[in-house]
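This structure is a prediction, so every number in the text was calculated from the model and none was measured.
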Amino acid sequence: MPIRQLPSHLINQIAAGEVVERPASVVKELVENSLDAGARSVQVDVVSGGQKLIRIRDDGKGIECDELALALSRHATSKIASLDDLEAVASLGFRGEALPSIASVARLTLTSRAAGADSAWQLEADGGTISTPAPAAHPQGTTVEVHDLFYNTPARRRFLRTERTEYGHIEKWVRRLALSRPDIAFTMTHNRRTVLSLAAASDRETRRQRVAKVCGDAFADQCVCIEHETDGIALSGWIGLPTFNRSQPDMQYWFVNGRSITDKTLSHAARHAYRDVLFHGRYPAYILSLTMDPAGVDANAHPAKHEVRFRDGRRVHGVVSQTVEVALQDTRPGGHNVAPIRMTRDSVFDQARMPLHSGPSTAAVRETLAAYGSMATAASFLEKTDPAAEIPPLGFAVAQLAGIYILAENSEGLVVVDMHAAHERIVYEKLKRGYDDRGLVRQPLLVPETISVSESEANLVERSGHLLEKLGLVVDRSGPTGLTIREVPALLKNADAESLLRDVLADMSESGNSNRIDDVSDDYLATMACHHSVRANRMLTLAEMNALLREMESTERADQCNHGRPTWTTIPLSELDRLFLRGR
């Protein structure tokens, strides 16, 4: 066929293939337009999973009468006017493709009343034909009705799933958008039944209530609010405690400058922050918003704007990982509820230091128990009987069960502590601090190791030699595809240097950064901590048990052991009363 210009309606239908994947895509695009218009309240009405009707109503600024028809034209937008605007996009929509694309595959009615206008105006679009605007009754704001989606593209309609499935996708997007803008009220109905009603949230408590309605009470009860800004990057939101984890990453929400996205750099940063507090194979839950200069984010990296590209991904990764990690440090008994308990004596591990490079040692455990005995005095038991004394989060020990568990009593009821798991976390945190205080020490290899890599990996080593040195790796390029490893971190001198370097290069290729050295080092330290911890079936005195409880309360991340298992739990008195039918 000869080359010819495609008709505008066909162009819009082709564009709709990128913008309008399913009814949920329509809801997302139209609600984002409402948010860009300054709406304070958004109502979403859906019939038959969005296949028959999608209606979005807002109370935003509205559209002037003479701009209604233009709003349905391709690449017509009020959100950018120059290349500078495009390079620093602050709005959710900016291409001017959503409305004309939707109108090309559905019957669309657009009704709007601009701020200060005497009346509203309405026009209809059907099969590429746009009617003349006519007066209509409507408050300030805009309503878009989309009828019979894909009625003129039967091939696309055949790919739609069941009503229940399509509605599920719509609900997912509305909940995401509601999480991104807690200051906006959202209402959603399906088949004329209200399924979601969220009032605008103005403070932390009302935001938590919205989180509970969207993500469930279990998450809201086990999450921590974080608000931190550094280096021009602000991170805020809610992170689930390690006790609330998932079998898959289905409750991980990222918003960048208000836009809901998925991003490998951000996901990797969060996963790294949770690395030694989650059980193997489990995933964290979080709702996090990243706010930064729009010029540092490319929002045009994906046709449906589901992904972004950072100009400095390494800096963003570092800020996110460090912020979440610091917030998780306080996951210890009473850490997020009461002030941390300060020990009046030197820490037991300051008295009984354990060399980083020593092997398993029963002497170290004996020294630990001796130090516990010297720390615990009769004052612990005097405090227990003194009504004026504040009961610590883990209370006071009363017994040891099966040589494994410490039983204690606190203000809530019965506390059960896994003795070995708790002590393992205490030792691990002490070893990490000692390792960090000394700094990263490199160990020259007696015989440098030469490996073969791809040319792109060799080029990466040349470009990132300074970063590799910070990680403790000294690597030279010995040919187009050859590398020579000369030095490695001293702690990892017995590790497989080739595998370590290949893993680091893979991380750097994907995200521009690597935490592989930290992760492997932590694995070594965790193994040492396991061997230096109090084992099961070792009988402790009450004094030693109380000293261990006090040490847990002052140790970061003490709620989990090094492998992510819980170290303690509480059985409330109310639960014990229920078991024994008390009060009935």
**Request:** Could you name each residue pair satisfying salt bridge (Lys or Arg N to Asp or Glu O under 4.0 Å) that touches residues 186-204, not counting sequence neighbours?
**Result:**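 Non-adjacent pairs meeting salt bridge (Lys or Arg N to Asp or Glu O under 4.0 Å): Arg204-Glu227.
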Across all chains, not counting sequence neighbours, the side chain to side chain donor-acceptor pair (under 3.5 Å) partners of Ser321 are His272
Ignoring hydrogens and geometry beyond distance, is a side-chain donor-acceptor pair present between [X] and [Y] at under 3.5 Å?
{"X": "Thr194", "Y": "Ser197", "answer": "no"}
{"X": "Thr331", "Y": "Arg557", "answer": "no"}
{"X": "Glu163", "Y": "Asn191", "answer": "yes"}
{"X": "His228", "Y": "Ser236", "answer": "no"}

N/O donor-acceptor pair under 3.5 Å between [X] side chain and [Y] backbone:
{"X": "Thr570", "Y": "Pro572", "answer": "no"}
{"X": "Arg259", "Y": "Ser91", "answer": "yes"}
{"X": "Arg210", "Y": "Arg181", "answer": "yes"}
{"X": "Ser34", "Y": "Leu30", "answer": "yes"}
{"X": "Thr143", "Y": "Arg57", "answer": "no"}
{"X": "Asp231", "Y": "Ile233", "answer": "no"}

Do [X] and [Y] have side chains that get closer than 4.5 Å, going by heavy atoms?
{"X": "Ile226", "Y": "Ile239", "value": "yes"}
{"X": "Val256", "Y": "Phe310", "value": "yes"}
{"X": "Ser41", "Y": "Phe186", "value": "no"}
{"X": "Leu198", "Y": "Thr187", "value": "no"}

Inspect the surroundings of [atom1] in [X] and state if more than 12 heavy atoms from other residues, nucleotides or ligands are less than 6.0 Å away.
{"X": "Phe219", "atom1": "CZ", "answer": "yes"}
{"X": "Arg309", "atom1": "CZ", "answer": "no"}
{"X": "Lys52", "atom1": "NZ", "answer": "no"}
{"X": "His466", "atom1": "NE2", "answer": "yes"}
{"X": "Asp118", "atom1": "CG", "answer": "no"}

*asked:* Quick one, Arg113 with Trp121, criterion side chain to side chain contact (heavy atoms under 4.5 Å, CB included). Give me CA distance, side-chain angles, the key distance, then yes/no.
replied: CA-CA 6 Å; Arg113 179 175 179 177; Trp121 294 86; over 6 Å; no
Does [X] pair with [Y] as a salt bridge, N-O distance under 4.0 Å?
{"X": "Lys79", "Y": "Asp36", "answer": "yes"}
{"X": "Asp312", "Y": "Arg314", "answer": "no"}
{"X": "Arg22", "Y": "Glu166", "answer": "yes"}
{"X": "Arg107", "Y": "Asp126", "answer": "yes"}

Show the atom names and distances, to 0.1 Å, of all donor-acceptor pairs under 3.5 Å that link a side chain in residues 244-251 to residues at least two apart or in another chain.
unit_1, atom_1, unit_2, atom_2, d
Asn245, OD1, Arg282, NE, 2.7
Asn245, OD1, Arg282, NH2, 3.1
Asn245, ND2, Pro242, O, 2.8
Arg246, NE, Asp250, OD1, 3.0
Arg246, NH2, Asp250, OD2, 2.9

- Task: Show your working on salt bridge (charged side-chain N to carboxylate O under 4.0 Å, His left out) between Arg275 and Glu325 and close with a plain yes or no.
- Result: CA-CA 9 Å; Arg275 66 190 180 280; Glu325 188 169 356; 3.4 Å; yes
Practice prompt. For Glu32, check salt bridge (charged side-chain N to carboxylate O under 4.0 Å, His left out) against everything at least two apart and list the hits.
Written response: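 Testing Glu32 for salt bridge (charged side-chain N to carboxylate O under 4.0 Å, His left out), a comparison that skips the adjacent residues, returns Lys28.
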Residues at least two apart in sequence or cross-chain that pass salt bridge (charged side-chain N to carboxylate O under 4.0 Å, His left out) with Arg55, listed by chain then number, are Asp45, Glu145
Would the Tyr286 and Trp254 ring centres measure less than 6.0 Å apart?
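Between Trp254 and Tyr286, which both carry aromatic rings, the centre distance is below 6.0 Å.
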Contacts table for residues 98-106: side-chain donor-acceptor under 3.5 angstrom, sequence neighbours left out:
unit_1, atom_1, unit_2, atom_2, d
Ser101, OG, Glu97, O, 2.6
Ser104, OG, Asn12, O, 3.4
Ser104, OG, Ser101, O, 2.6

- His268 vs His317 aromatic rings, parallel, tilted or perpendicular, using cut-offs 30° and 60°?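 If you compare the ring of His268 with that of His317, the planes turn out tilted.
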